[in-house]
Amino acid sequence: MLFALVVIVFTLTRMSGSPAALLLPGDASAQDVQELETRLGLREPLPVQFGRYLMAAMKGDLGQSLRTKRPVVDMFIERLPATLEVLLIGVLIMSIGVPLGLVAALNRGSGIDLAVRLIASVGMSVPSFWLGTVLALVLGVWMRLLPVAGRSGWESAIMPAIALSMYAMAGVARLMRSSMLQVLGQDYVFFARAKGLPETKVLLKHALRNALIPVVSFTSIVIVTQFLLGAVVIETVFAWPGVGYLAFQSLVQRDYPVLQGVVLLMGVVFILVNLAVDLLYGVLDPRIRHG
Amino acid sequence: MKRQLRYGIAWILLLALPIFSSMGATPAAAEAIVVAQASTRPPPTPQTRGKEISVAIATFGSGILDPIVGASSSLRGYVEPMFDSFIRVDNEGKLIPGVFTSWEVGADGKQWTFKMRRGVKFHGDAGEATAEDAKFSLERYLSPDSAYKGGWGAVFDKAEVIDPYTLRVTTKDRHPLLPIELSQYGITPVIFLMPKRYIEQQGVEAFRKHPIGSGPYQFKSYIADSSLELTAFDAHWGIKPGYDTLKIMLVPNESARIGLLRQGRAQVVEVTPDGAKDVKAAGFDTRAVPGNILPSFHLYGTYYKTFKGPTSDVRVRKALALAINRKELVEALMPGGELPNAPAVSPANQDIDVARWAKKAAETYVYDLPQAKRLLAEAGYPNGFEIGLFTFDYPGAPLLTVAQAVQGYWEKIGVKAKIIPTDYAGLRPRFDLDPLPASLVGQASTMRYLDRPDAIVNHKAAFYSGNKGIFRLLNTDAKTSAFPEVDQLMDTLATEFDVEKRKKINDRLLTIMVDSYTLIPLASIPTVFGVDPKVELDVRPFSQIGTRIIYARPKSDTRP
């Protein structure tokens with residue numbers, strides 16, 4: 001899978017234009033462009049470039065930035081904490097969806113249920129970049145509560161985190177509600193109640209644990225699609241110096257090695273997240289653990 | 001046990017948050033070489049000195065803190081406060097002494113003698129600047145890493161140190177523009193004074209991590225593609241910095257930049273003319289550098305003898321020019337902008353009778369649909385034709401929306417333009433092919449020119465034979481050129497010192513360019529900055545924010 005990812009990213013970046021055009025002034029001669037491309041190794045046949053990249057990548061060397069001449073891995077590691085900071089706050093916000101969905105399921109048809117469903121519908125419909133801009137306007141410009149751009153303390157991570165996690169939180173709430181409703185109708189819940197277990201224990205130990213399985217599955221997908229990929233957009237909107245912003249700048253500047261490296265490392269994160277989720281299934285469901 | 005585990009995980013997550021917050025924010029300074037403060041006694045700081053000023057700009061360009069790398073104009077935006085240009089520009093746009101206090105050219109027009117100012121200090125303990133540093137700086141623009149190797153290499157022959165404060169520069173040909181190129185006006189290349197000893201001893205990589213210059217602000221820290229923090233350099237020979245700290249932030253999103261201004265987290269922000277309305281409405285000041293960006297459109301490959309398409313007929317090209325209502329275009333999409341002058345001519349161009357050409361442009365680029373339709377009919381296209389219109393986004397010039405407007409105007413005369421969105425990096429490589437790829441010949445694109453003190457740089461890029469840059473329009477090959485006179489005129493202009501003769505040559509060149517209808521101007525728009533009313537900031541023609549921010553200071557009447 002990682003190999004396929006490397007091939008796709010390598011090919012697409014080469015098709016998208018030359019970094020030499022951006023590293024040179026607009027009226028630079030064709031000879032200047034050719035010289036720079038030669039120096040950057042971009043005029044070698046693509047299979048040669050790819051082979052060299054692959055061999056180095058297998059040794060853990062993702063190359064150097066064409067712009068800054070710094071190792072890609074160093075740049076990634078330097079930016080990772082900022083992205084993790086937003087991710088961590090985002091995950092906390094996303095997890096609010098669990099109690100919301102739970103409360104809605106237990107109060108099906110009530111005003112609370114209606115409110116949660118409304119929040120979930122809106123949250124899943126609103127594009128993150130739009131939400132980010134609105135948050136910046138309301139919380140940043142009008143109310144002056146939070147910084148609208150840059151990284152100047154933990155509070156500056158709140159708006160990017162909300163913008164990133166709103167979809168996930170709404171999705172979790174919706175899925176939790178429907179999953180919980182489904183589980184509450186199962187025989188084993190009926191049996192647990194029949195044998196006289198306290199309702200709290202029925203809900204938390206028997207119902208919630210089973211209802212969480214699809215939620216965990218959903219979470220693994222949104223962490224990658226919303227938090228990692230969405231970070232490219234949201235970090236740019238908020239000028240947040242994380243991995244997503246690095247990917248965006250590398251794309252704009254056609255900094256091939258950095259873009260390839262970021263996508264490859266995000267691919268690794270994707271695999272690790274999936275692995276973690278698979279392991280979590282086992283924790284939640286003994287049938288999987290002992291199967 | 002399980003509960004303890006859960007609490008443990010929760011505490012780890014909470015404790016990790018501030019750790020993540022502090023990680024990664026470590027700027028380049030942490031790993032940079034420690035440079036001691038200047039040993040000279042600082043001059044008294046001005047009474048109006050402020051604590052900190054933050055500037056939010058739209059692009060860092062290459063993002064490398066090295067003057068020889070990266071594309072021209074954006075470099076001045078963030079690098080200039082750290083470095084000195086050799087020659088300064090006064091408020092009237094005249095060249096005045098800077099690091100070079102005087103300059104004279106020999107009778108051959110090639111040998112220049114520059115006298116250097118005594119007491120120009122580099123930051124830290126990098127010492128006093130001498131002619132050796134000036135020579136090293138000029139030669140560094142020829143190094144393999146230089147983005148300007150080709151252009152500067154065609155001009156610069158050699159530099160000789162006559163004595164520690166005298167430098168002799170020899171150009172390959174007569175080159176009257178040399179003082180302009182060494183001044184704050186210089187764009188390609190942007191030439192700054194750099195410390196020879198520091199770079200040779202510490203290496204280029206160390207210099208890029210911790211740049212040392214002689215400008216009024218010195219390097220403190222840099223987070224790549226994010227923010228650059230500088231501190232006042234009180235030992236500067238000419239400028240007393242107005243603030244202890246100057247922070248330059250990269251904020252690509254305009255709404256966020258305006259938000260930072262309104263929050264008081266930035267005092268100067270780059271905005272579009274449209275965004276300037278919001279800035280003014282919020283009670284902030286704006287400063288506009290007039291005629292800084294010149295949106296235009298190009299018609300490519302029209303002079304290939306083998307090309308027989310609609311745009312090979314000058315009547316068709318003229319019709320396309322006449323179909324555009326520039327007044328409406330400017331009012332609707334580029335508020336604060338003005339009607340254009342002649343092709344790639346800005347209000348403060350030297351050696352051009354700008355007022356006369358503005359009048360000529362007003363007469364030429366009129367909105368005349370009946371005439372446009374008639375010209376098309378005469379050329380054999382009464383029902384119009386199809387044309388590709390390439391367009392790309394550019395900070396400060398709304399080229400994408402301009403292309404949509406142009407598409408609408410052309411539709412009125414039956415010309416169906418297909419907008420092809422691209423970006424600069426995607427479009428540029430096609431222009432390096434010879435001949436131009438078929439996908440470009442006969443097609444159009446929106447384009448922007450930046451103003452320069454001497455229009456020849458823009459004009460040469462577009463019209464000089466053999467130029468295969470993105471701007472090339474007329475002469476792809478001198479032998480087949482439709483206008484061999486252009487090459488000859490440009491060669492003469494490049495070596496002519498007499499101002500009156502330069503004006504005459506420019507007149508003839510502009511006549512050819514206007515009549516060719518291949519580079520068709522659309523507007524002349526300012527670069528606009530939103531400014532906190534507590535900040536005193538002047539802008540001048542040609543200047544980038546980095547050129548002017550070094551003069552910014554708090555308004556004395558607003559200080560407590």
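Letters A, B, ... mirror the listed sequences (proteins, then strands); counts begin at 1. Just so it is clear, the structure is predicted and the values come from calculations on it, not from any experiment.
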Closest-packed option against chain B by number of heavy-atom pairs under 4.5 Å, given A/Pro147, A/Ser65, A/Gly132: A/Pro147
Please work out which of the three classes, parallel, tilted or perpendicular, describes the rings of B/Phe463 and B/His459, given edges at 30° and 60°. perpendicular
Identify, with sequence neighbours excluded, every residue that meets salt bridge (charged side-chain N to carboxylate O under 4.0 Å, His left out) alongside B/Glu229. B/Lys220
Please list, chain by chain and in numerical order, all residues satisfying side chain to side chain donor-acceptor pair (under 3.5 Å) with A/Arg144, sequence neighbours excluded. none
Who wins among B/Gly153, B/Gly264, B/Pro252 for the most heavy-atom pairs under 4.5 Å with chain A? B/Pro252
Under a 4.5 Å heavy-atom cut-off, does chain A meet the side chain of B/Arg265, its backbone, both or neither? side chain
Out of A/Glu78, A/Arg79, A/Gln249, which one pairs with A/Pro241 under the side chain to side chain contact (heavy atoms under 4.5 Å, CB included) rule? A/Arg79
For the backbone of B/Leu65 and the side chain of B/Arg208, can you confirm whether one donor and one acceptor N or O come within less than 3.5 Å of each other? no
Is A/Leu87 close to chain B through its backbone or its side chain, or both, or neither, when contacts mean heavy atoms under 4.5 Å? neither
Chain B contact via A/Phe238 - which portion, at a heavy-atom distance below 4.5 Å: neither
